[in-house]
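Reviewing the structure listed below.
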Amino acid sequence: MQSIFTNFKQNLQRKVLLLAAIALLLVSGLFVSEPSYAATPNQKLIQQEQMDKNSQVGTVDVEQREQAYEDQVKASKDIDKTYEDNLKEFKKSHPEENIVNKAVEGAKEAVDKVTK
């Protein structure tokens, strides 16, 4: 009879320990979970402001792309004039890199040496 009580006591202890472990895991899970968005109502406002800023930036990009497209359409109508304008701008921004000018100067020096 006594062995039955000891077996019953051991089984009861194991079940209590198992339930305690499960309860501990459940309680620890409450602290690990993600924060509730209902507790932070400003979060949606912040997200909305970011979306508004992104949409404003997007409209600026669209306007810039449209302007660039219109410039390219105008440039394609008169290709020679566009090439000359680009060449003039390049010569102004890179005067030391102009290979043609260096070649012309070298040719002038060679002509001067030969003629003297």
Handout entry: Spacing of CD belonging to E66 relative to CD belonging to E70, to within rounding of 0.5 Å
Key = 7.0 Å
Problem - From CG (D71) to OG1 (T82), nearest 0.5 Å - result: 10.0 Å
Practice task
To the nearest 0.5 angstrom, please state how far the CG atom of D85 sits from the CG atom of D80.
Solution key: 11.0 Å
Exercise for the section: Show your working on side-chain contact (heavy atoms from CB on, under 4.5 Å) between R14 and L18 and close with a plain yes or no. Expected result: CA-CA 6 Å; R14 287 182 187 159; L18 181 64; over 6 Å; no
Problem - Other residues, nucleotides, ligands: >12 heavy atoms within 6.0 Å of L12 CG - result: yes
Handout entry: Side-chain heavy atoms of Q10 within contact of N7, under 4.5 Å
Key = yes
